[in-house]
Asker: 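So that we are looking at the same thing, I have put the structure below in structure tokens.
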Amino acid sequence: MLYPLKFRPRLKKRIWGGRLLSERLGKRVPKDSVVGESWEISGVDGDISIVSNGPLAGNNLEELIEVYMGELVGDRVYEKFGLEFPLLIKYIDAQDKLSVQVHPDDELAAERHVDHGKTEMWYILETAPDAELYIGFKEKLSAEIYNAHVSAHTLPQALSTIRVNPGEAYFIPAGTVHSIGKGVLLAEIQQTSDITYRIYDWDRKDAQGHARELHTELAADAIHFEENGPYALPIKSKKNEAAVLKKCPYFTTNLLDLDGETERNYVALDSFVIYMPFEGALTVEWDEGSEHFRRGETILLPACIEEVRLKGKGKILEIYIE
């Protein structure tokens, strides 16, 4: 019988990472490690999530989809994606700037990599003073001017710089040049894809004096020069109600500001639901039982559980596919 599932986080060492995934979200980061990403739920080859709770502990997500199919992910989702889980859910701790990068859209990713594109969104959990994001360009650029900036190592001068604060959300369509600045802790919801084209890496080198590989030629064809925002998402939350942050073909993400309890009905949804309680704690009750989740744990609610009661006090991201 299916129930709300927890998974073992897959922690990723990154040159720009830090310790906040441990200090703020309870991830078990080794004392001598600098970790930039916690992959909470993943269907990426080589990084498929493994269940950590209940009778299904030890099984990976692909195995569960093979057995439970639409009961787990929804009939419509299963028909479209088969055994591949369609979303990659992360927490990111950027204690230094990420590379300036771009992700291909579905068409280009299919042509080059036989893979999906990467459209994503960010919800900002915590920031250092004066923390920034870089999303899109200050003004529309031609490919020629962009290439000149890349050649001269002046690309940051052309980027739109956004002073960022906790509680904000941003949508980054595939084809958008972007980077996360120093001192940002965020949740990321994205298509299942790990394709990144690095364009500029702030001229830094690793401990051995080596620069990371850049993908400037691949990136040039991936950028959507004709698009330029807006990227910030409006947020109008109400206590114990789901406020839509972003609805797109790849995912819908809502913000739930929980104070007490609320009922959620997914009878007409035909999709799994993901909960990310990033503030406070959460108890999920359904017909067959209940389970408690602390801050920083990510929950996959199977599609066959169509009605739940959420109890607690805090903020939760709710994610599904419509």
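Quantities reported herein were computed from a predicted structural model and do not represent experimental measurements.
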Asker: Ignoring hydrogens and angles, tell me if any N or O in the side chain of R112 forms a donor-acceptor pair with the backbone of E107 under 3.5 Å.
Answerer: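 Not at all, since once roles are kept as given, no pair shorter than 3.5 Å links the two residues.
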
Asker: Do V184 and Q95 make a side-chain contact, defined as non-hydrogen atoms from C-beta onward lying under 4.5 Å apart?
Answerer: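 In short, these two side chains do not touch, never coming nearer than 4.5 Å.
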
Asker: If you take all heavy atoms of A219 and I199, which pair is closest and at what distance?
Answerer: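 Closest approach of A219 to I199: CB-CG1, 3.6 Å.
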
Asker: Mind listing the side-chain donor-acceptor pairs of residues 207-215 below 3.5 Å, one per line with the distance, residues two or more places apart or on another chain?
Answerer:
unit_1, atom_1, unit_2, atom_2, d
R212, NE, D201, OD2, 3.1
R212, NH2, D201, OD1, 3.0
H215, ND1, R198, N, 2.8

Asker: Determine whether the aromatic ring centres of residues F293 and Y275 are separated by less than 6.0 angstrom.
Answerer: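 Not close enough - the centres of the two rings lie 6.0 Å or further apart.
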
Asker: For residues 92-103, pull every pair meeting salt bridge (charged side-chain N to carboxylate O under 4.0 Å, His left out), keeping only residues two or more places apart or in separate chains.
Answerer: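 Pairs touching residues 92-103 that pass the test: D96-R204.
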
Asker: Evaluate whether atom NZ of K239 has more than 12 neighbouring non-hydrogen atoms of other residues, nucleotides or ligands under 6.0 angstrom away.
Answerer: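 Yes.
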
Asker: Any idea which heavy atoms bring V102 and V177 closest together, and the distance?
Answerer: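 Scanning both residues, the minimum pair turns out to be CG2-N, 4.1 Å.
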
Asker: So, T176 side chain and I172 main chain: donor-acceptor pair closer than 3.5 Å or not?
Answerer: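 Not at all, since once roles are kept as given, no pair shorter than 3.5 Å links the two residues.
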
Asker: Among R10, K27, K90, which residue meets the side chain to side chain donor-acceptor pair (under 3.5 Å) test with E40?
Answerer: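 Single pass found, and it is K27.
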
Asker: Is the side chain of S193 donor-acceptor paired with the backbone N or O of H116 at a distance under 3.5 Å, no angle test?
Answerer: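 It does hold such a pair.
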
Asker: Can F81 be reached from L269 by stepping across I, L, V, M, F, W or Y side chains whose heavy atoms are under 4.5 Å apart?
Answerer: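 In one cluster with L269: F81, yes.
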
Asker: Would L186 end up clustered with L21 when hydrophobic side chains under 4.5 Å apart are linked, directly or stepwise?
Answerer: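 Unlinked, L186 and L21 end up in two clusters.
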
Asker: W16 ring centre to K182 NZ or CZ under 6.0 Å, with the angle to the axis within 45°?
Answerer: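 No, K182 does not sit over the ring of W16.
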
Asker: Does the side chain of E291 reach to within under 4.5 Å of the side chain of K6, using non-hydrogen atoms?
Answerer: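 Of all side-chain heavy-atom pairs linking K6 with E291, at least one is under 4.5 Å.
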
Asker: Within the distance-only criterion (no hydrogens, no angle test), does the side chain of D106 pair as donor or acceptor with the backbone N or O of G117 below 3.5 angstrom?
Answerer: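 Looks like yes, one N/O pair under 3.5 Å.
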
Asker: Between H103 and E120, do the side chains contain an N or O donor and an N or O acceptor separated by less than 3.5 Å?
Answerer: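 Side chains of H103 and E120: pair found under 3.5 Å.
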
Asker: Only one of F171, F278, Y91 passes ring pair (Phe, Tyr, Trp, His ring centres under 6.0 Å) with Y123; say which it is.
Answerer: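 Of the listed residues F171, F278, Y91, the ring pair (Phe, Tyr, Trp, His ring centres under 6.0 Å) partner of Y123 is F278.
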
Asker: Using the side-chain hydrogen bond (donor to acceptor under 3.5 Å, both in side chains) rule, collect all pairs that involve residues 54-71, keeping only residues at least two apart or in two chains.
Answerer: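 Checked against side-chain hydrogen bond (donor to acceptor under 3.5 Å, both in side chains) - neighbours excluded - no pair reaches residues 54-71.
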
Asker: Any idea which heavy atoms bring F251 and M121 closest together, and the distance?
Answerer: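 Closest approach of F251 to M121, heavy atoms only: CE1-CG, 3.7 Å.
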
Asker: For E168 and Y170, test the side chains for any donor-to-acceptor distance below 3.5 angstrom and give the result as yes or no.
Answerer: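 Per modelled atom types, E168 and Y170 side chains form a pair under 3.5 Å.
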
Asker: Would you please indicate yes or no on a ring centroid separation below 6.0 angstrom for F85 and F272?
Answerer: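 Centroid separation for F272 and F85: below 6.0 Å.
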
Asker: With a cut-off of 6.0 Å (strictly less than), are more than 12 heavy atoms of other residues, nucleotides or ligands near CG of D203?
Answerer: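 Atom CG in D203 is crowded, with more than 12 foreign heavy atoms closer than 6.0 Å.
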
Asker: Would you call D130 and R163 a salt bridge, taking side-chain N to carboxylate O under 4.0 Å as the test?
Answerer: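 Result for this pair is yes, salt bridge flagged.
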
Asker: Backbone N or O of Q157 within a donor-acceptor pair of the T154 side chain at under 3.5 Å?
Answerer: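 No; zero donor-acceptor contacts below 3.5 Å.
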
Asker: Locate the shortest heavy-atom distance separating A94 from I180; write the atom from each residue and the value.
Answerer: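 Looking at all heavy atoms of both residues, the shortest contact is CB-CG2, 3.7 Å.
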
Asker: Within the distance-only criterion (no hydrogens, no angle test), does the side chain of T192 pair as donor or acceptor with the backbone N or O of L87 below 3.5 angstrom?
Answerer: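 A pair under 3.5 Å: yes.
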
Asker: Got a sec, which residues hit side-chain hydrogen bond (donor to acceptor under 3.5 Å, both in side chains) with R76, two or more places apart in sequence or on another chain?
Answerer: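 Per chain and number, R76 pairs via side-chain hydrogen bond (donor to acceptor under 3.5 Å, both in side chains) with no residue.
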
Asker: Can you give me every donor-acceptor pair (side chain of residues 226-236, partner residue at least two apart or in another chain, under 3.5 Å) with its distance?
Answerer:
unit_1, atom_1, unit_2, atom_2, d
N228, OD1, F137, N, 3.1
N228, ND2, F137, O, 2.9
Y231, OH, G229, N, 3.0

Asker: Okay, side chain of W202, backbone of L98: is any donor-acceptor separation there less than 3.5 Å?
Answerer: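 Yes: the side chain of W202 pairs with the backbone of L98.
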
Asker: Could you tell me if the side chain of K13 sits less than 4.5 Å from the side chain of V34, heavy atoms only?
Answerer: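 Answer no - side chains too far apart.
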
Asker: For P4 and I305, work out which heavy atoms get closest and say how close.
Answerer: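 So the two residues come closest at CD-CD1, 3.9 Å.
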
Asker: Between Y3 (side chain only) and W286 (backbone N and O only), is there a donor and an acceptor less than 3.5 Å apart?
Answerer: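 No, Y3 side chain to W286 backbone: no donor-acceptor pair under 3.5 Å.
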
Asker: What closest approach, in Å, do R8 and V51 show between heavy atoms, and which atom pair accounts for it?
Answerer: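 Here R8 and V51 meet closest at NE-O, 4.1 Å.
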
Asker: Cut-off 3.5 Å, no hydrogens considered: what does the side-chain donor-acceptor table look like for residues 310-322, sequence neighbours left out?
Answerer:
unit_1, atom_1, unit_2, atom_2, d
K311, NZ, E285, OE2, 3.1
K313, NZ, D259, OD1, 3.4
E318, OE1, N254, ND2, 2.8
E318, OE1, R264, NH2, 2.9
E318, OE2, R264, NE, 2.9
E318, OE2, R264, NH2, 3.2
E318, OE2, Y266, OH, 2.4
Y320, OH, N254, ND2, 3.0
E322, OE2, T252, OG1, 2.9

Asker: Which of parallel (below 30°), tilted (30 to 60°) and perpendicular (above 60°) describes Y200 and H153?
Answerer: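 Judged by the thresholds at 30° and 60°, the geometry between Y200 and H153 is perpendicular.
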
